[in-house]
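Nothing fancy with the numbering, it's 1 onward along the sequence. On a predicted model such as this, the values are computed, not experimentally measured, just so you know.
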Amino acid sequence: LEGSRIESLQGAEVLRRDDIIAQLNGGLGDTLDATPGIATTFFGAGASRPIIRGLGEDRVRVLQNGIGTIDASTASPDHAVTSDGLDAERIEILRGSAALAYGGNAIGGVVNVLDQSIPTRAVDGLEFDGLLAGSSVDDGAHGAGRLRFGAGDFAFNLSASGSNTDPYDTPVGVAANQYTETRAYGIGGASVGSWGFAGLAVKRTEDEYGLLPHDDDEPAGRIELEQTRIESRGDFAINWGPFDRLDYGIQHSDYEHTEFEGDGEAGTIFTSDGYEARLEAHHRGERLRGAIGMQFSDVDFGAIGEEAFISDTNTQDTGIFIVERLDFGGWGLEGGARFERRELDNAIAGSRDFDTWSASGGLFF
């Protein structure tokens, strides 16, 4: 697995580009809904989020290139995930012990969307790939393009994607106000060699979609969201005792979405601003393989307006984890553990902190 590099006894679903295109349908949850074991939330055409084992919201972590999306999608089912499959190269779905590497609350699983915004392999000359698609039920038009080029030990990536759909048809008429407009633009570069890679990327996402009307006699509202994401990733071949690989990821995200009422007036504004970082050391022996690592995040989340149900809150998480697999050929053991400290600072309720332990284990034969 390119994103996690951590094996799981309970298996990992991997959707490569051809699979993603074949299943591409609206938001991330709708795209994955055709995958066995995965369901989706649904709040109209603009918002869907994966459900694994009947668990959703923050019990399923959605990642972009191994790092949390830092949006507002876990707060309400009408909030869209900023990551989708339109420009993804692959999507990985992890369950079991491997999920402990990304958060103790991810008891349902982890969905990791990899988009190659930071090139992880060398590019010889110039490469281009593109996608054009149409959908009949909503008169939709969808497109994505990626340009890669290399210069010595450096590789660069330019990407853009977009999707427009009208309200979709149903057996009883057209679904009111169910339009979507999505745009994403990215630029990134990396130094790539036999030692690994390290790079930097910037991605901008803009999304607008209609909300279901509360009453047929009243005009329906809409949500407009935008996110600017800056990330750096690296993966290095090392020779430190038992460890042979070291990888890191860090990103900063500035997210905002506004919920407009049916009369066009701005109602509630949600903001999520912060960063997340992680560091992993991997080892792979004849029988024992696994990873140890640490993760840190600092996010300011809040809402203002008539329907603001949460006051400004700063959340800091610090986690340390280990995931190991002992394989004797015909049988073996797998397990993981994670310690996490969470510190909350709320504008009204003040500060609190929690220490949590999580563990997962299994025997295979």
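Centroid-to-centroid, the aromatic rings of Phe328 and Phe365 stay 6.0 Å apart or farther.
Applying the 6.0 Å contact sphere to CD of Glu57 captures no more than 12 heavy atoms from other residues, nucleotides or ligands. Summarising the local packing, CG of Asp353 is surrounded by more than 12 heavy atoms from other residues, nucleotides or ligands at distances under 6.0 Å.
Pairing each heavy atom of Thr165 with each of Gln178, the nearest pair is OG1-O, 4.5 Å. Taking each heavy atom of Asp30 and Asn25 in turn, the nearest pair found is CB-O, 2.7 Å.
Using a 4.0 Å cut-off between a side-chain N of Lys or Arg and a carboxylate O of Asp or Glu, Arg278 and Glu231 do not qualify as a salt bridge. Using a 4.0 Å cut-off between a side-chain N of Lys or Arg and a carboxylate O of Asp or Glu, Arg148 and Asp124 do not qualify as a salt bridge. Salt-bridge formation is not detected for the pair Arg183/Glu206: no Lys NZ or Arg NE/NH1/NH2 atom is positioned less than 4.0 Å from an Asp or Glu carboxylate oxygen. Salt bridge Glu280/Arg233: absent, no basic N to carboxylate O contact under 4.0 Å.
Between Phe301 and Phe270, the ring planes lie tilted relative to each other; the angle falls in the 30° to 60° range.
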If you look only at distance, which donor and acceptor atoms sit under 3.5 Å apart when one is on a side chain in residues 218-227 and the other is two or more places apart or in another chain?
residue : atom : partner : partner atom : Å
Arg222  : NE   : Glu224  : OE2          : 2.9
Arg222  : NH2  : Glu224  : OE2          : 3.0
Glu226  : OE1  : Arg204  : NH2          : 3.1
Gln227  : OE1  : Thr82   : OG1          : 3.2
Gln227  : NE2  : Thr69   : O            : 2.8
Gln227  : NE2  : Ile70   : O            : 3.3
Gln227  : NE2  : Ser253  : OG           : 2.8

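In this view, Asp355 and Phe339, Arg341 satisfy the side-chain contact (heavy atoms from CB on, under 4.5 Å) rule, not counting sequence neighbours.
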